[in-house]
Structures are given as C-alpha cells and as structure tokens.
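Here is the structure we will look at.
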Amino acid sequence: MLQIQQIKENKEATIAGLKKKHFKNAEEAVEQIIALDDKRRETQNELDSTLAKSNALAKEIGGLMKAGKKEEAEAAKAETSTLKTRSKELDETLKSIESELYEVLVTLPNLPHSSVPEGKTPEENEVILENGTIPTLAEDALAHWDLIKKYDIIDFELGNKITGAGFPVYKGKGARIQRALINFFLDEAIAAGYAEVQPPILINKDSGFGTGQLPDKDGQMYHATVDDLYLIPTAEVPITNLYRDVILQEAELPVKNAGYTPCFRREAGSWGAHVRGLNRLHQFDKVEIVRIEKPENSYAALEEMSLHVQGLLQKLELPYRVLRLCGGDMSFTSALTYDMEVFSGAQKRWLEVSSVSNFETYQANRLKLRMKTEGKSQLLHTLNGSALALPRILAAILENNQTPEGIRIPKALVPYCGFDIIA
RNA sequence: GGAGAGAUGCCUGAGAGGCCGAAAGGAACAGUUUGCUAAACUGUCGUACUGGUAACGGUACCGAGGGUUCGAAUCCCUCUCUCUCCGCCA
C-alpha cells in the first residue's frame, strides 16, 4: 500500500510511476485520494474537538457532583447530549471516508524503481545478463515429461488419482533428488547468512492482507473455508508476516530469513500448451529468501540476492539469464524485480525459476513493519526471492543432462542425492 | 470436544466507575559519579491520527467489536485467543 503522505508530496511522480505500471486512471485515483484525505482530516479535527468538549464537560460534572451542586450538574448533563449525537455522526462519517480512502488506496500498485524499463509485455523485459552454455542435445532428446516416464521418477497419473492434475507423485530417485535440492538450497542460504525458519503453510486472512495476496488475489489461493485459512502460494507470505506489527531496533537489521515450504497455487484459467509436465503445478516446493532492510540498503541487498540465486544456478551448471522486468510485467507490489530463467534444452525455451524483488515500503506499510531511529519510527523495506523453486530446475536438470547412459546429476548435488546418475 | 481461569505498556504486575495513558519493579536508553567485563544515583522510556514554524496541545487505543453511563481499563453482551484439568491423539 502506498503512503498518502508520499502521494501528496510527490503527486506528479506518483502519477508517472502508476502509468509506467500501466495502471489505468492514475490521475483520477490520485486526485480522489488527496480529496478524500483532506476530507478525512477535516472530519477528524471536528470530531476531536467535539470529543474534547464532552470530555471537559464530563470532568466538570464529576466535580459538581462531588461538590454536591446537583442542579448545575444536571444542566451540564443536558449539554452533553447534543455533543454526543454530533460526535456519533462525525464518527460515522469518518469511518466511511476512511474505508472509501482505503478502497482506492489498495487498488494502487507499487511505484516502479527508476531503472525499470518501459513496456507492457514479457517481450519488453530487459535481458541484463546471460551465463553458461546452451546445451546442444541430440535430435531425439526427450522433454522432461518423457524422461520422467522413461526412468519412472515422477508420476502424474498417480497424482491424478490421489488428488488431481498438477499434483505429481515423486518416486524413488525422483523423490530423493527433490529432497537433495531442498537441502542444497537451504544449506547455501544458511552459508549466505540467512536464518532458517519453518513457518506454517496455512495462513489466516490478516497474513494474506499483509503481503498483498488479499483482497485481489484470493482466487489464486486454496481456501480451507471451514476454518477460513488459506494454503500459502509462497513462503513469502508466512515469513514476511512474522514481522507484521513489529517495530525493530536498528541493531536487529538486516533481517535475513530463509525457509522451505511447499507452495500451493490454483492457477485458475492458466493451463495451456506451455504448461506441460513440471512447467506449472498446483503444488510445488520452494526455498524462499526474505530480507528486511533499512531503506538506504535495500537495493544493495537486492543485488546480493540476485547474485546468491545466480550462484545456485552456476553450481547446478545450468545456463541462465537474468531479466529486469518492465513496468507492465512486474507484480503489483514490486518496485524492482529480477527474474532468473534457465534454459530447458529439450523444450528449447527459457523457464522462469526465480523472481527476486524489492517491495520498498509497499508491504511494510500494510504490515506496519517499522524501525525506530532517534525516537521516530519509519517504515522498512522488504525483499524476497525464490532460491529456488524446484520443478523447473528439475526439468532443466533432467533435460540438459540426459545422455545415452542416463541422466547425470550435477556435481554439487551428488553429495546430497547419494547417486550421480539416474539410469 | 467438555470444564474452569485469564487477556493491561518491551517484560512482570497493580488498578475494581471520575484523581488512569495507566502504580511498582525489571529491562532498555541518556547523564553524573566511583580507577576499570560492574555498581550507585538522576532523568528518559507505548502506538497512531491530528493542530502548531516551534514551544506545546487535542483525540483514540488496557485482546477485538458492540452496549450502559454526563463519565469505562474498571459494569453488561458477543467474538477471538491463551493457560490449566479431562477426553482424543502424531
């Protein structure tokens, strides 16, 4: 959520930023917010002074009662009733203005960082670097959805039976390589200074609001209605919400957390030709890194996170590229996002495996995540990134490393797997 | 799931209609002092909105939401959560 103060002080920049994000009616929304805020302030001032008067009167009455001046007390009592109705009215007006203001405010996306390229579609994202060699596979190279059948390591049919489409069953070396990847990613994160956390994978509504999944994206989450809980779409949600309503000491910063969780996404309406096999699932595994930073450090932290993710890809010997997302393709809440994509040799396409973002104060404002400096509290910056999501990594490993003898396991992963080939 | 108890500031904990934004202690921070990994003393020490250049004010918040009252942390109702005991159980 954007801060009203900021919108007011930087009206033109706000409108320009919203436009870069392809938000419609930017001017109208900003004008409306400013007008509503003025009205809110005016109403609150009147309410406060009305309440101040009746507080003073109440005190007076108390004094009169004690002094035994009953008649004077009664007279004063009569006076309070008009103040009371007035303050009730004002309170209702204030509440309705506040909720109206909130309704408009939450529709505004975060403003993009100045380095974010103009553009609307994924094609307009900026490729900022490419690393590794694109593998040259044999003509008859198999896509991962064929490889998993050939070696019997992941079973979609079985998952269909148990749950439904998009819930695969990992078997044998398939299951073991999953476990290896999770441990590998967590160990790397810990080595990079992240503290591991294991959060719940069901969250309540407040948490959904805190990171911005609610109210607009509730259709993307599985909802356990009996208890009104949601299955997490990413560990970002529970981990970031650990710091909801928290005021941190400066010395506690930066906060660096990492956590493995399964992630659940309904992916309503997004199934198509490009989502075969492991490319898109309803349930998948991911190690997420989350950071809370002082505003002046957040962009340095973002670069560090990007390098951390790249390091993982290098150790897994996967060819990758890094994109800086354009205004139109960025998420609602992000100020700057890097996407990491690996090249999937048999599908001959890039697959997004990580997304690292700086949200600046956008999440912190809703979370009420602050730091105290010199007696004043200020909002902090939040960042997160996948490090990494498993399915597409696995798809790329399987495809790129296929040989007539079987699938070679990247060296870095062998100690974790306990085998070096899937044959 | 059944029964009981409770929810107060960073923590412990008092407060039982007006003198309470809230005692006291601890923690933390600042200063003074003592020749030293510390003690003593003094001071500061919740959040948000809001008025004011500022000094300094106003309002709201004692789990959440309602109600009674001129006046509620305190009384009433609803909800949520926590703890203890019982039941069930990985």
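What you see is a predicted model; the values in this text were computed from it and never measured. Side chains included, hydrogens not; waters and symmetry mates left out as well; all remaining heavy atoms used.
Of the P atoms belonging to B:rU42 and B:rC20, the separation is 23 Å, rounded to the nearest Å. Comparing the same atom, C1', in B:rG18 and in B:rG25 gives a spacing of 28 Å after rounding to whole Å. A distance of about 27 Å separates the C1' atoms of B:rU32 and B:rA23, rounded to the whole Å. To the nearest whole angstrom, the two C1' atoms, one in B:rA60 and one in B:rG71, are 16 Å apart. B:rG15 and B:rU74: their C1' atoms are spaced 8 Å apart (whole Å). With C1' as the reference atom, B:rU82 and B:rU8 are 15 Å apart, rounded to whole Å. The separation of B:rU34 from B:rC19, taken at their P atoms, amounts to 45 Å, rounded to a whole angstrom. The P atoms of B:rA16 and B:rG63 are separated by 16 Å, rounded to the nearest whole Å.
The A:Lys59 side chain lies nearest to B:rC19 when the options are B:rU59, B:rG51, B:rC19. With B:rA48, B:rC70, B:rC19 as the candidates, the nucleotide lying closest to the side chain of A:Ser377 is B:rA48. Nearest to the side chain of A:Asp48, among B:rC49, B:rG58, B:rG51, sits B:rG58. Among B:rC70, B:rU50, B:rU59, the nucleotide with an atom closest to any side-chain atom of A:Arg41 is B:rU50.
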Exercise. Decide side chain to side chain donor-acceptor pair (under 3.5 Å) for A:Ser99 and A:Glu103; before the verdict, give the C-alpha distance in whole Å, the side-chain angles of both, and the deciding distance to 0.1 Å.
Key: CA-CA 6 Å; A:Ser99 71; A:Glu103 293 299 319; 5.8 Å; no

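Going from atom NZ of A:Lys77 over to atom P of B:rG71 covers 9 Å, rounded to whole Å. Atoms CD (A:Glu74) and P (B:rG71) sit 13 Å apart, rounded to a whole Å. The interatomic distance linking A:Leu51 (CG) with B:rG51 (P) rounds to 16 Å, in whole Å. Atom pair A:Arg86:CZ and B:rC70:P shows a separation of 21 Å (rounding to whole Å applied). With rounding to whole Å, A:Arg40 atom CZ is found 18 Å from B:rU59 atom P. Atom pair A:Glu250:CD and B:rA28:P shows a separation of 18 Å (rounding to whole Å applied). Nucleotide B:rU50 holds its P atom 7 Å from the CG atom of A:Asp37, rounded to whole Å. Here the P atom of nucleotide B:rG46 and the CG atom of A:Asp245 are 18 Å apart, to the nearest Å.
Between A:Glu27 and A:Lys19 a salt bridge is recorded (basic side-chain N to carboxylate O distance below 4.0 Å). Salt-bridge check for A:Glu100 with A:Lys39: failed, with every basic side-chain N at 4.0 Å or more from each acidic carboxylate O.
No side-chain heavy atom of A:Phe184 sits less than 4.5 Å from a side-chain heavy atom of A:Leu388. At a threshold of 4.5 Å between non-hydrogen side-chain atoms, the residues A:Gln347 and A:Arg276 do not count as touching.
Listed pair A:Lys84 / B:rG71 meets the phosphate criterion, a side-chain N or O lying under 4.0 Å from OP1 or OP2. OP1 or OP2 of B:rA60 lies within a sub-4.0 Å distance of a side-chain N or O belonging to A:Asn55.
Base-pair partner of B:rA60: B:rU47 (Watson-Crick or G-U wobble, both distances under 3.5 Å). In this structure B:rC81 sits in a base pair with B:rG6, meeting the Watson-Crick or G-U test at under 3.5 Å. In this structure B:rC41 sits in a base pair with B:rG31, meeting the Watson-Crick or G-U test at under 3.5 Å. The pairing partner recorded for B:rA54 is none, the criterion being a Watson-Crick or G-U wobble arrangement whose two distances lie under 3.5 angstrom. Nucleotide B:rG71 is matched to nothing when pairs are restricted to Watson-Crick or G-U wobble geometry with both distances under 3.5 angstrom. Pair assignment for B:rC20: none, as no Watson-Crick or G-U wobble contacts are both less than 3.5 Å. Using Watson-Crick or G-U wobble geometry with both donor-acceptor distances under 3.5 Å, B:rC88 finds no partner in any strand shown. In a base pair of the Watson-Crick type (N1 to N3 plus N6-O4 or O6-N4) or a G-U wobble (N1-O2 and O6-N3), with each distance short of 3.5 Å, B:rC36 is matched with no nucleotide.
For the residue pair A:Glu196 / A:Tyr260, no side-chain donor-acceptor distance below 3.5 Å is found, with atom types taken as modelled.
Here A:Leu57 lies out of heavy-atom contact (under 4.0 Å) with every strand.
A 6.0 Å sphere centred on NZ of A:Lys411 holds no more than 12 heavy atoms belonging to other residues, nucleotides or ligands.
Along RNA chain B, the nucleotide closest to A:Gly62 and the one closest to A:Thr80 are compared, and the more 5′ of them pairs with A:Gly62. Mapped onto RNA chain B by nearest heavy atom, A:Lys95 and A:Ala76 fall at different nucleotides, with A:Lys95 at the one closer to the 5' end.
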